Undergrad: 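Here it is: the structure, laid out below.
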There are 2 protein chains.
Amino acid sequence: MERGRAALGPALELVHTGRAPTRAVLTAELGVTRATAGAVAAELEALGLIRVDARPTASTGSQGRPSHRLSVAPDGPVVLAAQIHADGFRAALVGLGGRMVATAPGCMTVPADPARIIDAVVAAGAGLLRETGRRCLGAGLAVPSAVAEPEGTALNPLHLSWPAGAPVRTLFTEALAKAGVLGPGGVPVPGMAGNDVNLAALAEHRHGAGRGARHLLCVATGHRGVGGALVLDGRLHSGSSGLALEVGHLTVNPAGLPCHCGSRGCLDVEADPAAFLTAAGRTPGPDSSLLHQATELLRTAYDDPSVRDAAELIADRLGLGLAGLVNILNPDRIVLGGLHRELLAADPDRLRAVVADRSLWGRSGSVPILPATLDHNSLVGAAEAAWQPVLDDPLGVLG
Amino acid sequence: MERGRAALGPALELVHTGRAPTRAVLTAELGVTRATAGAVAAELEALGLIRVDARPTASTGSQGRPSHRLSVAPDGPVVLAAQIHADGFRAALVGLGGRMVATAPGCMTVPADPARIIDAVVAAGAGLLRETGRRCLGAGLAVPSAVAEPEGTALNPLHLSWPAGAPVRTLFTEALAKAGVLGPGGVPVPGMAGNDVNLAALAEHRHGAGRGARHLLCVATGHRGVGGALVLDGRLHSGSSGLALEVGHLTVNPAGLPCHCGSRGCLDVEADPAAFLTAAGRTPGPDSSLLHQATELLRTAYDDPSVRDAAELIADRLGLGLAGLVNILNPDRIVLGGLHRELLAADPDRLRAVVADRSLWGRSGSVPILPATLDHNSLVGAAEAAWQPVLDDPLGVLG
DNA sequence: GTATTTTGTTTAGCGTCGGCACAAAGTCAG
DNA sequence: CTGACTTTGTGCCGACGCTAAACAAAATAC
C-alpha cells in the first residue's frame, strides 16, 4: 500500500540538498521506477516536508511533458539550531534545504557557566518557535570544542572558560525540556551537540562549497587555534570517540613556538589569527575579537608589506599542514573557513602551490581548495545534525 | 520463493569472518526471523559457499535444542591471491574465512619488469588452480606501492625498480586472461590490485588482530619506508584516488635526515628497518633483506645496549607518528606490522606510553596497540579484495 | 517422564516494488 | 492546425521477499 518506504530517506535528502529538482530526476537518482518515485514524493508531501508545484515548470527547451518542480516545504517543520562562541551565542530556526527561517543573536559580556549560557540560547530558540509557530523536529548545538562520543562532553572548551568535560549534550537536552521545546508526539526533542568546525563541514558539504565532494576536508580557525573536519561519503567522520581531525597539533614549523600540547610549532599556534597578527607586527586584542581583527587587517591593509609578508608566512605554514593532511586523507576537495578563508581569498595561487608542492601526489592532479561559502555555517551544520534522524528515516520521526 | 536475497551478502560475511557460528546467532546478527536466516543459510549452502553441519554441536551446557554449526565450505571455491615484494613473489589460493588452500613462493634474483613478474606470479597461481581443481571466483594482487584509483597504476614502486605509473591492474587482468584463469560463466576473472599495507589491514580486520574494531589503523614497514592503512566500518578507506594513508612523510624528528620528499625527519627515513640498523651501529645489507636483518637483530640481540637504545629511539619516533595519526583519525585500535610489530613485542609499554603521552586525549582512554597476528597478511588481504564482490552480492557473481 | 527452553521448518499472508498500459502535456514537422 | 513523437505521471497487477505464527525437533531441568 504505502509504496517507497525504504527510499523515503534518500529521496528527502536529495530534495534537501537540491539534487532532485523534479520527480523525473528523483526517479533516476533513486534508481526506482517512476511509479515508486511518484509515491515517495506524494508521501513526503503528505508529511509536510516537501512541496510539489501544482503548475509544471516553464518550458525548458527540451521536448516532452514538463515536470513539476520539487522543493522543500516553505513553511514545513524546522529544527532549532544553536551556536556558542567566544563572544556570544546565536539561535536560529532552520528548515530543510538549510533555509534559515529566523535567527536571534545574543551577547555574552561576562563568561558564563555552561548551564547558564545553554539555557539562554535555548530560551532564545524557544522564543523563535513561539513567535513563528513552527513545528520543531530536532535541535543541534555547535560549540568550539571537541565533543566526545558517546558521552557528549566538551573536552577542550578553552575559549569559553568552561571546565573541561562539560556535559554539553545533556545540558542542551535538559534545557530543551525545561523550555518546553516539544517534537512530534509531544515529547521533548533530543539535543545533538558537536564541534563547530565539524558541523560547519557538514553544512558546507550539503549546501555550500563542498557540494558533490566525496571526501571533503574542512579546515578553519575561530579566534584561537585551528580546527579540522572530514566528511566521507556524506557522513561526518568524527572518529571512534568523536575526537578525529584534531589537526591543530600538526607540526608546521619545527623551530616554532611552544604549544600547550608539549610540542612546538603546531598549526594551532602558528597559523591562527593571533599568529597572523603577531607576524604582521600588530598587537593582538582580546581573544573574542582576534578573528575579526585579523580579517579586517587582511582585507584593508594587504598592500602593507608587513601584512602581506605575514599573510604569506601563515599561508605557507597552513599549506604545509594541509599537505600533510592530503597525504593522510586524500580528500577530493578542501574547504577553508575563518581566517584561512581570507588567506585563500587574498592569494589563492600561493596556498594552492604550497599544497601541491608538498603533497606527495600534488603533481599528478592537485586537490581543489575552496573558500567556505555559507554564512553561519556552524549554525546550519548544527541544524543538519538535528535533521539527520529525519533524513535517515522520515517515518520513524514523523510516523 | 527465493527467500533472503538482500541478507545473503551480510550473512556470508558473518560466516566468512567467523561471527556467525550457528544459524541462531546468524538470526540475531542479521536482525531477521529464524525462517529467513534458515533460508539464507540453505541458499549459501546450495551455492557451495558454506557448510551446515549435519550433526548438531556437542552439548554446550545451555539448555534447548542444540544448533547446527555453520562454517565456510572446506572445498568450496577459492580466489587467486598474489603478492609481489622486493625479494620475490608469492601466489596462493585462498578460500572463504581466509583459509590458505595452497601456496607457491617464487624468487626473483634479478629485477624484472612489471609485465614479466606479474605473468610469473599469475602462472604460479594458475598452476595451483590446475593442481587442486578448485573453482576460482576472483583474483587480487598486493604490491609495495600506492595504487591510484580508478586507474590501477602503481605510483611509487620504488623497491621493485619499476617505472612509476606501471598499470599493474591492467597487467594483472591481462595475465589472468592469458593464463586462462576463468571464473563463473567461463569469463576471465577481473583482477584487483592494491597496496600491500592496505590489503594487510583489511586481512587483519577480518581475520587477525583487528577483528571487531570499528576504525582500525594499521602501520607497517617493509624493507624500506613506512606504510599505513585505515579500515572504517569494515571498508578500506583508500581516499578519493587510492592515495590515502601515505603516512611515511609525517615529521617525527625535525632535525632528522633529509627525505626524498623534500622535507627532513620523515617517518619513512626515521623509523624503517634501515634507520633501526643504522641507529644500532650495524651496516644495512642489501635492500631486499633489511626487514629480515632488522628483525633478527631485534630478536637475538635485544640485550645489547646499542640495540636496545636503537629500538627505543625508533619506537619513540614511531610513537610520535602514531600519536599524530591518532589525533587526526581517532581510531579505536592500532595494529602494527613488519619491524614495528617486533618493536612492539620487544617493549610494548614504551610505545604505548609515548602514544598516550603525545596524543591529545591519551589520558582519557588510550588506544589499544596490537601486533599483527596473521602470516602473510598482505596475501590474505589480496584475497579479501578478490572476495569482496562475492561478499557484496553472492548471487550477482554466482547466480 | 513431563515440562521447559531453544532451534529449525512449514505455511500463510502481506507489504513493497517492478512492469506495463494508459493518460497527460509539452515540442516538432508539415 | 493537426498528427507524430517525446517525456512525465498514474493506476493496476503480479511477483518477490519478508514476517508472523503454528508446528516439530532436540536438548536440559526437575
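All values below were derived from every heavy atom in this structure, side-chain atoms included, with hydrogens, water molecules and symmetry-related copies excluded. In the text below, chain A, chain B and the rest are named by the order of the sequence lines, each starting its count at 1. None of the values given here were measured: they were computed from a predicted structure.
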Undergrad: Strictly below 4.0 Å, N to O, side chains only: are B:Arg23 and B:Glu29 in salt-bridge contact?
TA: no

Undergrad: Let's see if you can work this out: which of C:dG18, C:dG26, D:dA20 has an atom nearest to the side-chain heavy atoms of A:Val32?
TA: C:dG18

Undergrad: Which pairs, protein N/O on one side and nucleotides 8-15 of chain D N/O on the other, fall under 3.5 Å?
TA:
| unit_1 | atom_1 | unit_2 | atom_2 | d |
| --- | --- | --- | --- | --- |
| D:dT8 | O4' | A:Arg65 | O | 3.3 |
| D:dT8 | O3' | A:Ser67 | OG | 3.3 |
| D:dT8 | O2 | A:Arg65 | NH1 | 3.0 |
| D:dG9 | OP1 | A:Ser67 | OG | 2.8 |
| D:dG9 | OP1 | A:His68 | N | 3.2 |
| D:dG9 | OP2 | A:Ala24 | N | 3.4 |
| D:dG9 | N7 | A:Arg34 | NE | 2.7 |
| D:dG9 | O6 | A:Arg34 | NH2 | 2.9 |
| D:dT10 | OP2 | A:Arg23 | NH1 | 3.2 |
| D:dC12 | N4 | A:Arg3 | NH2 | 2.9 |

Undergrad: If the condition is side-chain hydrogen bond (donor to acceptor under 3.5 Å, both in side chains), which residues does B:Arg34 pass it with, not counting sequence neighbours?
TA: none

Undergrad: Using side-chain hydrogen bond (donor to acceptor under 3.5 Å, both in side chains) as the criterion, list what pairs up with A:Arg5, not counting sequence neighbours.
TA: none

Undergrad: Apply ring pair (Phe, Tyr, Trp, His ring centres under 6.0 Å) to B:His376 and list each qualifying residue two or more places apart in sequence or on a separate chain.
TA: none

Undergrad: Would one find a side-chain N or O of B:Thr36 under 4.0 angstrom from OP1 or OP2 of D:dT19?
TA: yes

Undergrad: Starting at atom CD of A:Glu43, determine the distance to atom C1' of C:dT16, rounded to an integer number of angstrom.
TA: 12 Å

Undergrad: In whole angstroms, how far is the P atom of D:dT7 from the CG atom of A:Leu26?
TA: 19 Å

Undergrad: Listed in order of residue number, which residues of residues 44-54 of chain B have a non-hydrogen atom at under 4.0 Å from DNA chain C?
TA: none

Undergrad: For residues 72-79 of chain B, which side-chain donor-acceptor pairs fall under 3.5 Å, sequence neighbours excluded?
TA:
none

Undergrad: Rounded to whole Å, please give me the gap between CG in B:Leu70 and C1' in C:dG8.
TA: 12 Å

Undergrad: With sequence neighbours left out, what residues match B:Arg214 under side-chain hydrogen bond (donor to acceptor under 3.5 Å, both in side chains)?
TA: B:Asp233

Undergrad: Going by ring pair (Phe, Tyr, Trp, His ring centres under 6.0 Å), name the residues that satisfy it together with B:His68, two or more places apart in sequence or in a different chain.
TA: none

Undergrad: List for me each residue that meets side-chain hydrogen bond (donor to acceptor under 3.5 Å, both in side chains) alongside B:Gln388, sequence neighbours excluded, and say none if there are none.
TA: B:Arg206, B:Asp392

Undergrad: Please report, rounded to the nearest Å, how far the P atom of C:dT7 is from the CZ atom of B:Arg69.
TA: 16 Å

